[in-house]
Protein chains: 2
Amino acid sequence: MDLAPLPDIYRRAPFAEDCAPRRLLRLFSGKWTTMILHMLHLLDGASRPGQLQRNIPGLSKKMMTQTLRGLEEMGLVTREVLQVMPPAVEYRLTALGQQFIEPLEMLYRWGAEHAALLDRVDRNAAMAAR
Amino acid sequence: MDLAPLPDIYRRAPFAEDCAPRRLLRLFSGKWTTMILHMLHLLDGASRPGQLQRNIPGLSKKMMTQTLRGLEEMGLVTREVLQVMPPAVEYRLTALGQQFIEPLEMLYRWGAEHAALLDRVDRNAAMAAR
DNA sequence: CTGCATCCTGGGCGATACTG
DNA sequence: CAGTATCGCCCAGGATGCAG
């Protein structure tokens, strides 16, 4: 990986409470936040709730809506209500939201490409559990 | 960013509960996990608890030890007790642990380089809060 | 200096049931 | 189909005090 120099705030200790990396972590801290953003991206930036939920196993309606509300407030996602029966809604990544796909994609890709490391971690943990 | 093709599991829906990306997220889900790993790396892979804590504002002794225990069980960190008075301990990244620095570094760097986006997010959220 | 044992609170998260 | 309202659990995580 490329590790060119960065502004001082990045390396300087102490690691301020509100430094950018921490803020990013906070943004991604919800259990479903990143998956929803990422899935929206995989679905070409827009999706209806049902489709979204079907593609993220374990995601409940409640948590989906709740998380989407948060994303909406942050301006990462828009919510559009189509006036039809039965009701249809479309969530869409905003331009801002799309920018956050990049780090997610990096992270998810890294995970997929290093599944073997994750296996080692789990094996170690299982070992230690006894 | 480079987006070369990946194995199917990555793109295929549904997004399995135990797919690699999710496992990675779980690994990093603790509030302090990534910061501790990353700080250990910044400190050349090894540090005593005191130094570690001083460099991560807000980190309590309890959470530090607790998090380090977890990392130890997963084999990402070792704990070495130096037989001196007063007691001294040294935590060290394992070879396995060092491998996980790469994605962290990516994430943290991205955050530092895109602080402006995080500002926009916060501004939007503040706006919506009213 | 390091670490453990407590105690306690908040809120993230899940299950269920109900409206339009 | 989309969303809301309740209820309640669980546990991450913070504060404090003690021990080696």
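All figures in this text were calculated on a predicted structure; none of them were measured in a lab. Order of the sequence lines sets the chain letters (A, B, ...), proteins ahead of strands, with each chain counted from 1. Values below: every heavy atom of this structure, side chains too, minus hydrogens, waters and symmetry copies.
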Heavy atoms under 4.0 Å, any strand shown: does B:P49 hit a base, just sugar-phosphate, or nothing?
sugar-phosphate
List in chain and number order the residues that pass side-chain contact (heavy atoms from CB on, under 4.5 Å) with [X], two or more places apart in sequence or in another chain; answer none if no residue qualifies.
X: B:A46; answer: B:E90, B:R92
X: A:R123; answer: A:D119, A:R120
X: B:Q51; answer: B:L43, B:S47, B:R54, B:N55
X: B:K61; answer: B:Q53

Quick one: stems involving DNA chain D, counted as three or more successive Watson-Crick or G-U pairs, both distances short of 3.5 Å.
C:1-20 with D:1-20
Show me the donor-acceptor pairs, under 3.5 Å and distance only, between side chains in residues 25-33 of chain B and residues at least two apart or in other chains.
| residue | atom | partner | partner atom | Å |
| --- | --- | --- | --- | --- |
| B:R26 | NH2 | B:E17 | O | 2.9 |
| B:S29 | OG | B:R26 | O | 2.7 |

Value in whole Å for how far the [atom2] atom of [N] lies from [atom1] of [X]:
X: A:L59; N: C:dG12; atom1: CG; atom2: C1'; answer: 14 Å
X: B:Q51; N: C:dC1; atom1: CD; atom2: P; answer: 13 Å
X: A:Q83; N: C:dG20; atom1: CD; atom2: P; answer: 16 Å
X: B:L68; N: C:dT2; atom1: CG; atom2: C1'; answer: 12 Å
X: A:Q53; N: C:dA15; atom1: CD; atom2: C1'; answer: 13 Å
X: B:L52; N: C:dT2; atom1: CG; atom2: C1'; answer: 13 Å

Sort and list the pairs that fulfil ring pair (Phe, Tyr, Trp, His ring centres under 6.0 Å) and have at least one residue in [range], not counting sequence neighbours.
range: residues 48-84 of chain A; result: none
range: residues 111-130 of chain A; result: A:W110-A:H114
range: residues 59-90 of chain B; result: none

OP1 or OP2 of C:dC1 under 4.0 Å from side-chain N/O of B:R48:
no
Provide the full list of side chain to side chain donor-acceptor pair (under 3.5 Å) pairs with a residue in residues 67-80 of chain A, sequence neighbours left out, each pair given once.
A:R69-A:Y91, A:R79-A:Y91
Contact list (N/O, under 3.5 angstrom) for nucleotides 4-6 of chain C vs protein:
| residue | atom | partner | partner atom | Å |
| --- | --- | --- | --- | --- |
| C:dC4 | OP1 | B:R69 | NH2 | 3.1 |
| C:dC4 | OP2 | B:R69 | NH2 | 3.3 |

With side chains defined as the heavy atoms from C-beta onward, is the minimum distance between A:V89 and A:R48 less than 4.5 Å?
no
First and last nucleotide of DNA chain D touching chain B, 5' to 3', heavy-atom cut-off 4.0 Å?
D:dG13 to D:dG20
If you measure from CD on A:Q99 to CG on B:L117, what distance do you get to the nearest 0.5 Å?
4.5 Å
Closer to the 5' end of DNA chain C via nearest nucleotide, is it A:T67 or B:V89?
B:V89
Using heavy atoms to find the nearest nucleotide of DNA chain C for A:S60 and B:G50 separately, return the residue whose nucleotide is more 5′.
B:G50
